[in-house]
Protein chains: 4
Amino acid sequence: MTENRIETSVKDQELIAKRRQQMIKGAISLFKEKGFHRTTTREIAKESGFSIGTLYEYIRTKEDVLFLVCDAIYEQVRKRLEDTIQSDSPSIDNLIFVVKKYFVVMDEMQEEVIIMYQEVKSLKKPAQDYVLQKERDMVNMLKEAIVTCLPDTLTELDAELLANNIFIQGQMWGFRRWILQKRFTLETYVDKQVQFLLSSLAK
Amino acid sequence: MTENRIETSVKDQELIAKRRQQMIKGAISLFKEKGFHRTTTREIAKESGFSIGTLYEYIRTKEDVLFLVCDAIYEQVRKRLEDTIQSDSPSIDNLIFVVKKYFVVMDEMQEEVIIMYQEVKSLKKPAQDYVLQKERDMVNMLKEAIVTCLPDTLTELDAELLANNIFIQGQMWGFRRWILQKRFTLETYVDKQVQFLLSSLAK
Amino acid sequence: MTENRIETSVKDQELIAKRRQQMIKGAISLFKEKGFHRTTTREIAKESGFSIGTLYEYIRTKEDVLFLVCDAIYEQVRKRLEDTIQSDSPSIDNLIFVVKKYFVVMDEMQEEVIIMYQEVKSLKKPAQDYVLQKERDMVNMLKEAIVTCLPDTLTELDAELLANNIFIQGQMWGFRRWILQKRFTLETYVDKQVQFLLSSLAK
Amino acid sequence: MTENRIETSVKDQELIAKRRQQMIKGAISLFKEKGFHRTTTREIAKESGFSIGTLYEYIRTKEDVLFLVCDAIYEQVRKRLEDTIQSDSPSIDNLIFVVKKYFVVMDEMQEEVIIMYQEVKSLKKPAQDYVLQKERDMVNMLKEAIVTCLPDTLTELDAELLANNIFIQGQMWGFRRWILQKRFTLETYVDKQVQFLLSSLAK
DNA sequence: AATGAATGAGTCTTCATTCAT
DNA sequence: CATGAATGAAGACTCATTCAT
């Protein structure tokens, strides 16, 4: 579930959801452009369409905004991954399909991923833990897909490492675009990575 | 050569080198702890062992410190990688040796790598370009090692992607230690990665 | 109208006018005492009756304060000169009246004039041009008064120079008080200057 | 005599004179460009051709430089005025000659005069008094010239005011060049001022 | 006498946060 | 609930001055 722990002066839950949606959208757009530290709360308020006073009705500190943003991004990635994975017919082809889909999602969410990579460490420990747990969950989803599609082929640990590698390779497509996207199209990148993967799995 | 582009009020080149060394050391220690944005110039000066005025005799802006730090870190990684790679007997075993050594270097420089990942984007475009070029250079070194050790096995592009993957996996060992180092020792991590790698290369 | 070009974070126009009034008053008082460069923004804020943060809600840079001050002073002089000049019965006596009135105004605004003389050059070119134009306007007002009251007596150029001389003599009464006010009362100064003026005009 | 009151660590009087000459020249050049407050002691040292350490061997504080500069400028004006005035044949024509010459000097020393006008008030009281006394002396020289050339025509006080007016008009030629030099050449300015002067003296 | 590296008090400016309306 | 003016702690950077060499 999306985070609820952040205190509010406002009672109306629907309103809170709405305002936070605006806020997250505005903030992401700004964080993409200038990063968390260089973005001011005033700018966030403005971009979100309300006043600085109103902003503080829905959060307690600036860091809350970052938390909300991180949470929202992870949630989005997770949902899209989840939709892809709920496959009924486990097979290698299915795994390939899942991986490819994951890379496409990562391609579409490049900027968001960059935010995560750079700013998560600005969160205080508890919030960071909360967010990183979501990342663990996602890696786990990949791992489950691997295990399901390739039973008896890999040890738990191998599956885990593989899931991690895939997960990272997806993120890096956006994070290291300055080097990767100069030399590869998304398609060739995906194809080649999948090919490496498969051949490493063949006995 | 380490970067010289940053303006100084001081003329004595040796002194500049010495003071900057102090500065970089102090700054890295602080950046590890609290990141670039949360570290003040005064703290950097103090940690470096001189006054704020002296700090500014050797740099122009706070960002210069970050640049110096990034430059120094890359340089260090590059040097260690270079030392490892200059092998005379190209072979698969040699490649494995290089890769393993690279992982060890990354293990020893975890904190520094984290700084790079999080703060490089805080540099202005030209400085960022300069630093990222160093990263490209390093990936290239790995690629050359691959091509040399495995001639006729891979296309240029394949070698490049492989180099990238290895490079990233090394970095991630430190960057994602919260997930990886909970489940793997350095040794098992390295072994398994190398194993995946090799099997993907076997014809 | 008084200058509006300076950016504000505050929207309420009335409040802006009020706060700027406070600010100008406070700043003039400080500039009189220690000059622009030796006055800190904090002092200006305090003297104006609000915090440093509030000060910066109404200006962008310290120089803005100087501009506001210069503008306000010129505006005040101009207004008082304007009130005096709108005469319906042009005559030598009327001119004399205007000149004498101008000297009185200059006497009352000695300190302000000193500020202008010393600090206008600290403004950046565009602001300086804007302010100096006001001075040209005022000289022109005097020139018009001369031409109107003494038609056919002087060439344009002569009138202009005369206007300049009068203008300067007025300002110098305050600016050079350390020499003039030791030897003259305002009254004798004015009388004598007017007398020189008249006799130089007599054919 | 040029000022001697400023303390020095150096003994060699000739050297002091030489270094101060360099210093004054350098400082004037800088003050013309950016004013006293915006010029740093480092810049002064550099422009003077020696190090910051050496600069402080010949002065005690930055204000000392300003004092030296002001003193030097006044001394220069005074000397040139003095040279002109020592006339043996007092007459109206002689007075006219002196006045015209004074205007020419002022034309040649415009920038220096501007410095004086703007910065003298930055001196502390005693230094300021010392410098302003020089100005009084010069006005007095003009007054003496007037009285000598036009005996029995004017009262002391009238002569004094006249001297002041002339003195100021000379200074203003440079100080207000943005308005005067747009409309007058030096020649017409001088001619017209003299003409006004004379006609005001004719009985 | 000359040098220039070191110092740190002082300056302008920003921005997260509060609170009266 | 919404607004936006007010606050002041904190931060980057400058520069006059000193002093060891």
Side-chain angles (χ1 to χ4, degrees), chain A residues 8-12 15-16 19 37-46 50-65, chain B residues 8-12 15-16 19 37-46 49-65, chain C residues 8-12 15-16 18-19 37-46 49-65, chain D residues 8-12 15-16 19 37-46 49-65:
Chain A
T8 308
S9 314
V10 177
K11 309 286 167 188
D12 183 340
L15 195 52
I16 292 177
R19 290 277 179 262
H37 282 105
R38 290 202 208 292
T39 302
T40 68
T41 51
R42 279 172 140 96
E43 289 171 322
I44 295 171
K46 194 173 184 188
F50 37 72
S51 72
I52 182 68
T54 300
L55 180 69
Y56 273 87
E57 293 287 315
Y58 294 91
I59 54 163
R60 216 38 84 198
T61 72
K62 189 187 174 191
E63 212 203 282
D64 284 351
V65 180
Chain B
T8 309
S9 311
V10 175
K11 296 173 181 176
D12 184 336
L15 196 54
I16 293 176
R19 291 276 178 265
H37 282 105
R38 290 204 207 290
T39 302
T40 69
T41 52
R42 276 190 148 79
E43 288 170 323
I44 296 171
K46 193 172 186 187
F50 33 71
S51 71
I52 182 70
T54 299
L55 179 70
Y56 275 90
E57 292 280 306
Y58 295 91
I59 53 160
R60 247 196 203 336
T61 70
K62 188 186 173 192
E63 212 205 283
D64 283 351
V65 180
Chain C
T8 307
S9 310
V10 176
K11 296 172 180 176
D12 183 335
L15 196 55
I16 293 175
K18 180 182 155 197
R19 290 279 179 263
H37 283 106
R38 290 204 207 290
T39 303
T40 69
T41 51
R42 277 193 147 75
E43 289 170 323
I44 295 172
K46 193 171 185 188
F50 34 70
S51 72
I52 183 67
T54 299
L55 179 68
Y56 274 88
E57 293 279 306
Y58 294 91
I59 54 163
R60 250 200 199 331
T61 70
K62 189 186 174 193
E63 211 205 284
D64 284 351
V65 180
Chain D
T8 308
S9 314
V10 178
K11 308 285 166 188
D12 183 337
L15 196 52
I16 293 177
R19 290 279 179 262
H37 283 104
R38 290 203 209 290
T39 302
T40 69
T41 51
R42 277 172 140 95
E43 288 171 324
I44 294 171
K46 193 172 184 187
F50 36 72
S51 72
I52 183 69
T54 301
L55 180 70
Y56 273 87
E57 294 287 314
Y58 295 92
I59 54 163
R60 217 37 84 200
T61 71
K62 187 186 174 192
E63 212 205 282
D64 284 351
V65 180

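All figures in this text were calculated on a predicted structure; none of them were measured in a lab. Residue numbers begin at 1 in each chain, while the letters A, B, ... track the order of the sequences.
Closest-nucleotide positions on DNA chain F for C:G49 and B:I59 were compared, and the one nearer the 5' end corresponds to C:G49. Nearest-nucleotide positions on DNA chain E place C:T39 closer to the 5' end than the other of A:H37 and C:T39.
When the side-chain hydrogen bond (donor to acceptor under 3.5 Å, both in side chains) test is applied to B:T8, the partners found at least two apart in sequence or on another chain are B:R20. Every salt bridge (charged side-chain N to carboxylate O under 4.0 Å, His left out) that B:R60 has, sequence neighbours left out, goes to B:E7. The side-chain hydrogen bond (donor to acceptor under 3.5 Å, both in side chains) test applied to B:T54 returns B:S51, not counting sequence neighbours. Applying the side chain to side chain contact (heavy atoms under 4.5 Å, CB included) test to C:T40 and every residue at least two apart in sequence or in another chain returns C:R42, C:E43. Every residue two or more places apart in sequence or in another chain that forms a side chain to side chain contact (heavy atoms under 4.5 Å, CB included) with C:T61 is listed here: C:E63, C:D64.
Taking atom CD1 of A:I44 as the reference point, atom P of E:dT17 lies 10 Å away to the nearest angstrom. Put simply, CG on A:D64 is 13 Å from P on E:dA16, counting in whole angstrom units. Atom CD of D:E63 is separated from atom C1' of F:dA16 by 13 Å (rounded to the nearest Å). Rounded to an integer number of Å, the gap from B:E43 CD to F:dG11 P is 7 Å. Regarding D:R42, its CZ atom lies at a distance of 15 Å from the P atom of E:dT3, rounded to whole Å. Atom NZ in C:K62 sits about 9 Å away from atom P in E:dT11, given to the nearest Å. The distance between atom CZ of B:R60 and atom P of F:dT14, rounded to the nearest whole Å, is 8 Å. Here the P atom of nucleotide F:dG4 and the NZ atom of A:K46 are 11 Å apart, to the nearest Å.
For C:R38 and E:dT11, a side-chain-to-base donor-acceptor distance below 3.5 Å is absent, hydrogens and geometry of angles not being considered.
When distances are taken from the side chain of C:Y58 to each of F:dC13, F:dA6, E:dA5, the shortest belongs to F:dA6. For C:S51, the side-chain atoms get nearest to F:dT7 when compared with the rest of F:dT7, F:dC1, F:dA12. In this structure, of E:dA5, F:dC13, E:dA2, it is E:dA5 that holds the atom nearest to the side chain of D:I52. Among E:dA5, F:dC13, F:dA12, the nucleotide with an atom closest to any side-chain atom of B:K11 is E:dA5. Between E:dC12, E:dT13, F:dA16, one nucleotide has an atom nearer to the side chain of C:T61 than all others, and that is E:dT13.
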Expected rows: protein N/O vs nucleotides 19-21 of chain F N/O, under 3.5 Å:
none

Parsed dot-bracket for DNA chain E after applying the Watson-Crick and G-U rules with both distances under 3.5 Å and | for other-strand partners is .||||||||||||||||||||
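Contact check, A:T41 against E:dA16: a side-chain N or O comes under 4.0 Å of OP1 or OP2. At F:dA2, one or more side-chain N or O atoms of A:R19 fall inside 4.0 Å of OP1 or OP2 (strictly under the cut-off). Between B:T54 and E:dT7, a side-chain N or O to OP1/OP2 separation shorter than 4.0 Å is present.
The distance from the OH atom of B:Y58 to the CZ atom of B:R19 is 5.0 Å, given to the nearest 0.5 Å. Between the CD1 atom in D:I16 and the NZ atom in D:K11 there is a gap of 8.5 Å [rounded to 0.5 Å]. The line from CG of A:L55 to CD of A:E57 is 9.5 Å long, rounded to the nearest 0.5 Å.
Using a 30° and 60° split on the angle between ring planes, A:H37 and B:H37 fall in the parallel class, below 30°.
B:S9 comes within contact range of the sugar-phosphate backbone alone, with a heavy-atom separation under 4.0 Å but no base atom that close.
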